[in-house]
J.: 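Pasting in a structure now, in structure tokens, and then I'll have a few things to ask.
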2 protein chains.
Amino acid sequence: MPEKPAELPVRPGRRRSTSQHELERVAFELFERDGFDATTVDDIARAAGIGRRTFFRYFDSKNDVVWGAFTDQLGRMREQFARRPADEPLMAAVRAVVVEFNRVDEAEVPRHRRRLELILRVPALQAHSTLRYGDWRAVVAEFAAARLGVEPASLVPQSIAYAALGVALAAYEHWLAHPGVELCDVLDTAMAELARGFGDV
Amino acid sequence: MPEKPAELPVRPGRRRSTSQHELERVAFELFERDGFDATTVDDIARAAGIGRRTFFRYFDSKNDVVWGAFTDQLGRMREQFARRPADEPLMAAVRAVVVEFNRVDEAEVPRHRRRLELILRVPALQAHSTLRYGDWRAVVAEFAAARLGVEPASLVPQSIAYAALGVALAAYEHWLAHPGVELCDVLDTAMAELARGFGDV
DNA sequence: GACGATAATGGCACCCGGTGCCAAATGGAA
DNA sequence: TTCCATTTGGCACCGGGTGCCATTATCGTC
């Protein structure tokens, strides 16, 4: 599948006519106007000036058009985990990295909000997100497993990864419902509760 | 959508020709033979001796055919939550009920295993499960909210519900990968870890 | 038995996401 | 200009899912 058009050396073959980024931009406009479900792939392709068949060369499915640079960001998240102090408590590290992973530029907040709204509120996208978040969970599980000296697939790393994702989703929902709050603050609060095992409650 | 054919009083109208239970039985045989993805709704309908259009009168989607009595069981789970002692720690109650919710008869274990295998291993079903588990999360969140004296939609009850579901999913995965272990034991272990905030790790 | 009301069924056309295929288009090098 | 490599787009098709309407089946009443 075509990645973002990086600065590639000139090479043989036809130039690409659009990009994931452009298609996403076009798609978001249509979703804003008509909603995700009422916007078809044909609509997006037409608006972007490409054929429908080409859309699927840029994205695996219609559902993938809202994920932006998520996969790239997972690499960044891995690097953040690699930089945590070795003697830091595991859950403290997870908390810090998850909060940092979700930090966005002030200018990106409206777009980020719309993205999360779609992902969490449109059933098709919410369902699909489970598959996309599988990669996110894998990053967390790998870190936890390394810390514990066990396999990433074993019970505790997986539990940690799933729980961290769950708590993050709860924080996203809260953020969407309360426009005045800071996402990172909500996340930090929720992750702190998780690390306490929701104690005293 | 037609529910299970309970002992209804005689009433006018055509009798139903099949049931959710029967369609599920037929479907599971086909999934066993060909896998979920290669089994079409036409296949299931044909094997059950009904028309394809009728299948969708029994199930909202192909993905729903594997969920058995899940929705009924949520009512049972609510009852179990209602019976927890009022002074029991919240997370202890959640742990106990989640474990109990997942207890199945010895005779049902093979079927339950196949069900979970499908749900967790087939991408389409895994994605769809997010929507189905939303109701499960709601039951947990309602209980937690009542204990905390807050709204079910607020941050902490949602975090608890999401985290509990996440940990349960990790336990299911572990159970599928280790046929010799008891599901309730794995669940209990994982929930205990959650209640400790994955402490000492 | 005929009739009316009711409920279930099934065929059909259609929508839409997604896929394989192949011919056409594009761009650079020789 | 030709050749090679890469991208594009149209098309036919598959399969999940839906609305619609005519048909079928059942029961109670007369």
Side-chain angles (χ1 to χ4, degrees), chain A residues 1-20 22-23 26-27 30-31 34-67 118 122-128 131-132, chain B residues 1-20 22-23 26-27 30-31 34-67 118 122-128 131-132:
Chain A
M1 181 171 79
E3 304 289 349
K4 250 184 342 215
E7 304 299 337
L8 295 177
V10 175
R11 47 97 196 242
R14 185 173 170 174
R15 292 294 86 74
R16 292 185 186 127
S17 59
T18 187
S19 65
Q20 287 191 330
E22 173 65 10
L23 289 178
V26 170
L30 294 174
F31 299 155
D34 301 322
F36 180 83
D37 290 326
T39 303
T40 67
V41 172
D42 278 319
D43 295 335
I44 301 170
R46 195 178 303 114
I50 60 168
R52 164 197 169 74
R53 186 66 187 82
T54 298
F55 175 87
F56 291 105
R57 295 203 171 91
Y58 285 84
F59 295 101
D60 283 345
S61 75
K62 180 187 171 186
N63 297 325
D64 289 300
V65 80
V66 300
W67 285 85
L118 287 167
V122 176
L125 290 176
Q126 188 187 13
H128 182 68
L131 304 180
R132 294 304 299 259
Chain B
M1 186 172 76
E3 303 290 347
K4 251 184 339 217
E7 304 299 336
L8 294 176
V10 174
R11 46 101 199 240
R14 185 172 170 173
R15 291 295 86 75
R16 291 181 186 127
S17 59
T18 189
S19 66
Q20 286 190 330
E22 172 65 11
L23 289 178
V26 170
L30 295 174
F31 299 156
D34 301 324
F36 181 82
D37 289 326
T39 302
T40 67
V41 172
D42 279 318
D43 294 336
I44 300 171
R46 195 178 301 116
I50 61 168
R52 160 196 174 78
R53 186 65 187 84
T54 297
F55 174 88
F56 290 104
R57 291 202 174 93
Y58 284 83
F59 295 102
D60 283 345
S61 74
K62 180 184 170 186
N63 296 327
D64 289 301
V65 80
V66 300
W67 285 84
L118 287 168
V122 176
L125 290 176
Q126 186 186 16
H128 183 65
L131 303 180
R132 296 302 300 257

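Within every chain, numbering begins at 1; the chains are lettered A, B, ... in the order of the sequence lines, protein sequences first and strands thereafter.
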J.: When rounded to the nearest 0.5 angstrom, what distance separates OH in Tyr58(B) from OG1 in Thr18(B)?
T.: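 These two atoms lie 5.5 Å from each other.
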
J.: Quick one: closest heavy-atom pair of Arg14(A) and Arg11(A), and the distance?
T.: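 Heavy-atom minimum between the residues: O-NH2, 4.5 Å.
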
J.: Just how far, in rounded Å, is P of dG15(D) from CG of Asp43(B)?
T.: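 Atom-to-atom, Asp43(B) to dG15(D), this comes out as 8 Å.
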
J.: Take nucleotides 16-23 of chain C nucleotide by nucleotide from the 5' end and write B, S or -, depending on whether a protein heavy atom sits under 4.0 Å from the base, only from the sugar-phosphate, or from neither.
T.: SBBBBB--

J.: List every contact pair, protein side and nucleotides 25-28 of chain D side both N or O, where the distance is under 3.5 Å.
T.:
residue	atom	partner	partner atom	Å
dT26(D)	O3'	Arg15(B)	NH1	2.7
dT26(D)	O2	Gly13(B)	N	3.3
dC27(D)	OP1	Arg15(B)	NH1	3.3

J.: Go through the steps for Gln20(A) and Trp67(A) under the test side-chain contact (heavy atoms from CB on, under 4.5 Å), then give the verdict.
T.: CA-CA 10 Å; Gln20(A) 287 191 330; Trp67(A) 285 85; over 6 Å; no

J.: Between Ala27(A) and Val65(A), which heavy-atom pair has the shortest distance, and what is it?
T.: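 Ala27(A) and Val65(A) have their closest heavy atoms at CB-CG2, 4.0 Å.
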
J.: Using only atom types and a distance under 3.5 Å, with no angle test, would you say the side chain of Arg52(A) pairs donor to acceptor with the backbone of Ile50(A)?
T.: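 No: the side chain of Arg52(A) does not pair with the backbone of Ile50(A).
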
J.: Can you tell me the distance, in whole Å, between the CG atom of Leu131(B) and the P atom of dG17(D)?
T.: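 From Leu131(B) CG to dG17(D) P: 12 Å.
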
J.: Take the protein atom CG of Leu23(B) and the nucleotide atom C1' of dG16(D), then report the distance between them rounded to whole Å.
T.: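 After rounding, the gap between these two atoms is 16 Å.
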
J.: Within the pair Tyr58(B) and dT9(C), is there a side-chain N or O less than 4.0 Å away from OP1 or OP2?
T.: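 So the side chain of Tyr58(B) is within the cut-off, an N or O lying under 4.0 Å from OP1 or OP2 of dT9(C).
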
J.: Between Ser17(B) and dT9(C), is there a contact of a side-chain N or O with OP1 or OP2 at under 4.0 Å?
T.: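 It does, given that an N or O in the side chain of Ser17(B) lies less than 4.0 Å from OP1 or OP2 of dT9(C).
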
J.: Separation of Arg16(A) atom CZ from dA5(D) atom P, in whole Å?
T.: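 Value for this atom pair: 17 Å.
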
J.: Does the side chain of Phe31(B) reach to within under 4.5 Å of the side chain of Val66(B), using non-hydrogen atoms?
T.: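 Yes; the side chains approach each other to less than 4.5 Å.
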
J.: Please tabulate, for side-chain N and O atoms in residues 35-43 of chain A, each donor-acceptor pair with protein atoms closer than 3.5 Å (sequence neighbours left out).
T.:
residue	atom	partner	partner atom	Å
Thr39(A)	OG1	Leu30(A)	O	3.4
Thr39(A)	OG1	Gly35(A)	O	2.7
Thr40(A)	OG1	Asp42(A)	N	3.4
Thr40(A)	OG1	Asp43(A)	N	3.0
Thr40(A)	OG1	Asp43(A)	OD1	3.3
Thr40(A)	OG1	Asp43(A)	OD2	3.1
Asp43(A)	OD1	Arg46(A)	NH1	3.4
Asp43(A)	OD2	Thr40(A)	N	2.9

J.: What's the spacing between Asp64(B) CG and Leu23(B) CG if we round to 0.5 Å?
T.: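 Interatomic distance, Asp64(B) CG to Leu23(B) CG, rounded to 0.5 Å: 12.5 Å.
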
